Number of protein chains: 2
Amino acid sequence: MDSPPSPPIGLALSRAAKIVGRAFDECLSAAGGSLPTWLIMISLKTHRLGNQRELAAAVGIEGATLTHHLNAMETKGLVTRRRDPANRRIHVVELTDEGERLFHRLRAAAQAHDERLRTGLTPADLTTLTHVLTQMTHNVAADDGGPDA
Amino acid sequence: MDSPPSPPIGLALSRAAKIVGRAFDECLSAAGGSLPTWLIMISLKTHRLGNQRELAAAVGIEGATLTHHLNAMETKGLVTRRRDPANRRIHVVELTDEGERLFHRLRAAAQAHDERLRTGLTPADLTTLTHVLTQMTHNVAADDGGPDA
DNA sequence: TATTGTTATACTCTATAACTATA
DNA sequence: TATAGTTATAGAGTATAACAATA
């Protein structure tokens with residue numbers, strides 16, 4: 001009943017993600033940004049989100065953490081926050097022109113990082129990777145109460 | 001010259017690693033540990049390292065950061081540090097009995113996490129994943145001065 | 001009262017620089 | 001002087017709890 005343990009994949013993923021993630025961070029830092037900034041900007045550009053809680057959820061952080069980053073981004077002149085006239089509880093976040101420029105620089109940096117990452121990998125490898133990451137994310141998100149929970 | 005961008009794999013990896021890594025953290029926390037503690041313990045158990053700098057390198061952190069974690073682990077009674085009589089500059093780190101017990105609990109937690117992660121994945125998926133992570137780690141570690149650098 | 005967001009505070013992990021101890 | 005490790009300090013990212021503003 002002791003199936004061959006097979007190499008600990010959580011550990012391998014954790015280690016690789018640490019190394020690759022650091023390289024990604026350095027890429028973004030060198031371009032004048034950071035990972036949270038980049039994630040926030042992507043969310044602002046791709047989805048049109050209704051409020052900051054949705055934005056925070058898209059980035060994978062809490063609302064207060066998002067506020068923390070938005071404060072810094074606003075100080076740097078990358079975003080503006082203004083109240084929605086229709087519902088003044090909602091703060092509409094928008095990239096400034098300077099924010100747009102940084103976005104383009106970060107996109108270029110992220111693309112360069114991606115090309116480096118893909119070196120030596122086949123399209124099939126990348127397809128499998130995407131599939132595996134999706135599956136693992138689901139595995140971990142699932143309420144683990146059992147197969148019939 | 002604009003090859004089809006193909007989905008940003010760095011971003012996908014970053015997002016998945018964040019989610020899976022948090023689940024891993026929670027697993028280890030629930031068992032009374034943390035990721036750094038677990039990585040340190042694994043290194044202590046598997047390699048027989050000569051000094052703390054090697055241990056830090058194996059874990060992927062700086063020496064001072066390792067000291068920080070070892071201080072906490074020593075306070076909790078998980079490890080002891082004593083000077084090597086042959087070279088009193090070297091501090092030999094060893095798990096206490098309580099450290100051993102925690103190691104076994106964390107190993108069980110990590111294995112449970114691994115089984116959850118592997119749900120819905122074929123052995124071929126996992127083989128590819130391991131290969132891809134290894135390749136990406138190399139891609140990122142390489143001095144990027146060019147193919148003949 | 002419920003919703004939206006901010007402020008205050010603190011924790012974890014990490015790093016760099018300066019220091020002590022030993023060789 | 002060189003090596004091993006520690007201490008002091010700092011910074012990034014995150015979170016929870018309490019708060020203010022709006023509906």
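Predicted model, so just to flag it, every value in this text is computed and none were measured. Letters A, B, ... mirror the listed sequences (proteins, then strands); counts begin at 1.
Between the CG atom in A:L44 and the CE atom in A:M41 there is a gap of 8.0 Å [rounded to 0.5 Å]. For the atom pair OG1 of B:T67 and CD1 of B:I61, the computed distance is 8.5 Å after rounding to the nearest 0.5 Å. Between atom CZ of residue B:R107 and atom CD1 of residue B:I42 there is a gap of 9.5 Å, rounded to the nearest 0.5 Å.
Out of D:dA15, C:dT22, D:dT6, the shortest distance to the side chain of B:R83 is found at C:dT22. If you check C:dT4, C:dA23, D:dG13 against the side chain of B:R89, the one that comes closest is C:dA23. Set against D:dG13, D:dT22, D:dA4, the side chain of A:S34 has D:dG13 as its closest nucleotide. Each of D:dA15, C:dT14, C:dT22 was ranked by its minimum atom distance to the side chain of B:H69; first place goes to C:dT14. Checked against D:dA4, D:dA15, C:dT14, the side chain of B:H68 finds its nearest nucleotide in C:dT14. For A:Q52, taking side-chain heavy atoms from C-beta onward, the closest of the listed nucleotides D:dG5, C:dG5, D:dA15 is C:dG5. If you check C:dT4, D:dG5, C:dT16 against the side chain of B:A64, the one that comes closest is C:dT16. The side chain of A:T67 approaches C:dG5 more closely than any other nucleotide in the set D:dG5, C:dG5, D:dT14.
In this entry the distance linking CG of A:D84 with P of D:dA21 reads 19 Å, nearest Å. The distance between atom CG of A:L70 and atom C1' of C:dT6, rounded to the nearest whole Å, is 11 Å. Look at CD1 on A:I40: it is 14 Å from C1' on C:dG5, rounded to the nearest Å. Here the P atom of nucleotide C:dC13 and the CG atom of B:D25 are 8 Å apart, to the nearest Å. Atom CD1 in B:I61 sits about 10 Å away from atom P in C:dC13, given to the nearest Å. What separates CZ of B:R82 from C1' of D:dG5 is a distance of 16 Å, to the nearest Å. Remark: C1' of C:dT3 and CZ of A:R53 are 8 Å apart, rounded to the nearest angstrom. Regarding A:I19, its CD1 atom lies at a distance of 18 Å from the P atom of C:dC13, rounded to whole Å.
OP1 or OP2 of C:dT7 sits under 4.0 Å from a side-chain N or O of A:N71. Listed pair A:T65 / D:dA15 meets the phosphate criterion, a side-chain N or O lying under 4.0 Å from OP1 or OP2. The side chain of A:H91 places no N or O atom within less than 4.0 Å of a non-bridging phosphate oxygen (OP1 or OP2) of C:dT4. Side-chain nitrogen and oxygen atoms of B:K18 include at least one within less than 4.0 Å of the OP1 or OP2 phosphate oxygen of D:dT14. Side-chain nitrogen and oxygen atoms of A:N51 include at least one within less than 4.0 Å of the OP1 or OP2 phosphate oxygen of C:dG5.
Along DNA chain D, the nucleotide closest to A:G60 and the one closest to A:R88 are compared, and the more 5′ of them pairs with A:G60. Along DNA chain C, the nucleotide nearest A:N87 and the nucleotide nearest B:G63 are compared for position; the residue whose nucleotide lies closer to the 5' end is A:N87.
Across all non-hydrogen atoms, the minimal contact from A:G10 to B:L117 is CA-CD1, 3.7 Å.
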Test side chain to side chain contact (heavy atoms under 4.5 Å, CB included) on B:K18 and A:T137 and set out the steps.
CA-CA 9 Å; B:K18 185 179 203 167; A:T137 300; over 6 Å; no

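The 12-atom threshold is not exceeded at CZ of A:R53, counting heavy atoms of other residues, nucleotides or ligands nearer than 6.0 Å.
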